[in-house]
Amino acid sequence: MSAESTPEPGIPGDDNGTTGPDSGRGRRKPRARRRGLMIAAWTAAGVVVLGGTGLGYVYFKLNGNLKSVDIDQALGTDRPTKADNGSENILVLGSDTRSGSNKKLGGGTDDGSARSDTAMIIHVYQGHRRASVVSIPRDTLIDRPACTDPKGVTHDAARDVMFNSAYSTGGAACAVKTVESMSGVRMDHYLEVDFAGFQKLIDQLGGVRITTTKDIDDPDSHLRLKAGAHTLDGEQALGLVRTRHGVGDGSDLGRIQLQQAFVKALLDQVEHVGLLGNPKKLLDLADTATKAVTTDSALGSVNSLMSFADGLKGIGASDMTMVTLPVRYDPADPNRVLVEQSKVRLVWNALKTDTAIPKAATTGTATGEAAGVVTAS
């Protein structure tokens with residue numbers, strides 16, 4: 001079974017599969033399409049609209065909410081070359097810090113540490129009409145480069161460590177450096193969202209509608225859903241994107257399949273939310289979103305986020321291809337996965353050359369057996 005999820009890979013910018021009634025080809029996209037990708041969609045949605053209202057105090061408030069990390073300064077010039085064709089790569093992380101308001105949601109001990117619970121590379125193709133998303137399993141064994149953490153402490157390179165250890169070792173800059181070292185692909189932007197912000201955003205949206213084809217019961221993530229239609233509140237949505245034992249083979253790969261399905265449902269729904277006629281709801285969403293995310297310094301202002309979101313206005317759920325990094329289970333430890341090097345080269349080459357990820361890259365690779373369990377309602 002392939003690790004790939006719908007829609008099928010195709011030539012970027014091709015109209016294949018995007019000419020239905022909701023595609024908007026040949027006409028201006030509705031304002032609601034001017035949202036970013038993944039959870040960062042909320043930030044973009046708020047600042048794009050509010051930034052043009054003339055409400056200076058709102059603009060100032062949102063700017064004050066934003067947190068950013070200067071990735072360029074931290075990593076210097078020894079990085080992959082930036083593409084000059086207008087395509088972009090964005091590393092999106094979900095942080096499972098155990099401190100503050102996240103402690104109750106994340107569980108475990110407040111030891112001051114944080115891990116990247118979710119990692120996705122979003123490649124936006126030239127012309128900004130299509131995107132590919134590559135999910136990186138947190139349990140992937142990789143070689144981490146030497147990193148300097150936010151306190152200035154340098155950590156030696158390490159071999160055969162879990163991917164999510166890069167973030168816990170050296171923060172955002174180390175996560176970016178690790179992805180660039182693995183792929184040879186420049187990360188143009190960085191976006192991070194935490195547990196508490198994610199849950200609050202979903203609640204403010206009014207929930208996300210999904211359908212499950214199987215019962216999901218995971219005491220670890222406190223999620224219990226019978227097969228059927230549901231409108232998930234924030235706590236349930238968080239449980240869904242974090243569950244790994246409630247369905248499938250209990251692996252991180254199954255969790256990724258659920259995450260990808262949830263993201264598609266979220267993006268499908270966000271197009272139809274009537275925010276323009278409800279300024280208070282829009283302000284609440286924008287306020288929460290700008291508090292919930294951490295960006296690279298290039299996106300660390302309302303003006304920058306407005307420009308970034310406007311550049312993604314033509315991309316919806318039907319314009320995205322989602323795959324999981326090609327991996328196989330580690331024979332020495334079933335809780336770890338190893339990169340399929342011959343296949344992953346196909347993925348990295350596609351991102352470097354701004355071409356579609358070939359189906360061969362994910363055919364026959366390990367999966368979590370949770371494909372099709374969650375769909376948009």
Side-chain angles (χ1 to χ4, degrees), residues 34-51 58-69 71 90-107 110 113-120 122 150 164 167-168 171-172 175-176 189-208 221 232-242 259 262-263 265-267 269-270 273 275 278 280-306 308-309 312:
R34 297 189 183 187
R35 283 134 171 99
L37 298 169
M38 306 306 170
I39 303 307
W42 293 113
T43 305
V47 299
V48 164
V49 179
L50 286 172
V58 172
Y59 191 87
F60 180 80
K61 175 181 176 62
L62 297 181
N63 252 335
N65 288 344
L66 289 169
K67 303 179 293 293
S68 64
V69 179
I71 301 293
I90 305 115
L91 178 61
V92 178
L93 295 186
S95 169
D96 69 343
T97 176
R98 305 307 192 198
S99 62
S101 58
N102 283 327
K103 182 180 179 182
K104 179 180 178 181
L105 302 176
D110 180 5
S113 66
R115 287 161 287 275
S116 52
D117 198 52
T118 302
M120 298 179 177
I122 304 171
N164 71 336
Y167 182 86
S168 58
V176 171
H189 293 298
Y190 172 83
L191 289 165
E192 177 187 329
V193 67
D194 65 20
F195 282 164
F198 175 87
Q199 176 169 322
K200 189 172 182 180
L201 285 168
I202 297 301
D203 284 334
Q204 289 178 332
L205 172 65
V208 176
S221 63
L232 303 184
D233 62 20
E235 183 175 6
Q236 290 172 315
L238 179 61
L240 180 65
V241 299
R242 297 192 65 234
Q259 289 171 352
F262 178 83
V263 165
L266 176 60
L267 290 178
Q269 186 169 329
V270 81
V273 176
L275 294 179
N278 191 336
K280 183 182 185 304
K281 183 173 183 178
L282 179 57
L283 175 58
D284 288 344
L285 280 167
D287 187 45
T288 298
T290 48
K291 289 176 181 175
V293 299
T294 300
T295 73
D296 65 284
S297 56
L299 297 180
S301 71
V302 171
N303 277 336
S304 298
L305 278 171
M306 286 170 61
F308 175 70
L312 303 177

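Relative ring orientation between F308 and H189 is described as perpendicular, the plane-to-plane angle rising above 60° on a 0-90° scale split at 30° and 60°.
Between M120 and V263, the closest heavy-atom pair is CE-CG2, 4.4 Å. The shortest non-hydrogen separation linking G300 to S68 is CA-CB, 4.0 Å.
When side chains are defined from C-beta on, V241 counts as touching F198, because their heavy atoms get closer than 4.5 Å. A 4.5 Å side-chain heavy-atom check between N65 and D287 finds at least one atom pair inside the cut-off. A heavy-atom distance below 4.5 Å is found between the side chains of F262 and V208. Side-chain contact between T118 and Q259: present, with at least one pair of heavy atoms (C-beta onward) separated by less than 4.5 Å.
No donor-acceptor pair closer than 3.5 Å links the side chain of D296 to the backbone N or O of V69. A donor-acceptor pair under 3.5 Å is formed between the side chain of S304 and the backbone N or O of A298.
Rounding to the nearest 0.5 Å places OG of S221 at 10.0 Å from CD of E235. Atom NZ in K67 sits 4.5 Å away from atom OG1 in T294 (nearest 0.5 Å). With values rounded to the nearest 0.5 angstrom, I90 atom CD1 is found 8.5 Å from L299 atom CG. Distance check: E192 CD to L91 CG gives 9.5 Å after rounding to the nearest 0.5 Å. Taking CG from L191 and CG from L93, the interatomic distance works out to 9.0 Å, rounded to the nearest 0.5 Å. Taking CD of Q236 as the start and CG of D203 as the end, the distance is 9.5 Å to the nearest 0.5 Å.
For D233, there are no salt bridge (Lys or Arg N to Asp or Glu O under 4.0 Å) partners, not counting sequence neighbours.
Screening D194, T288, L238 for a side-chain contact (heavy atoms from CB on, under 4.5 Å) involving Q199 leaves a single residue, L238.
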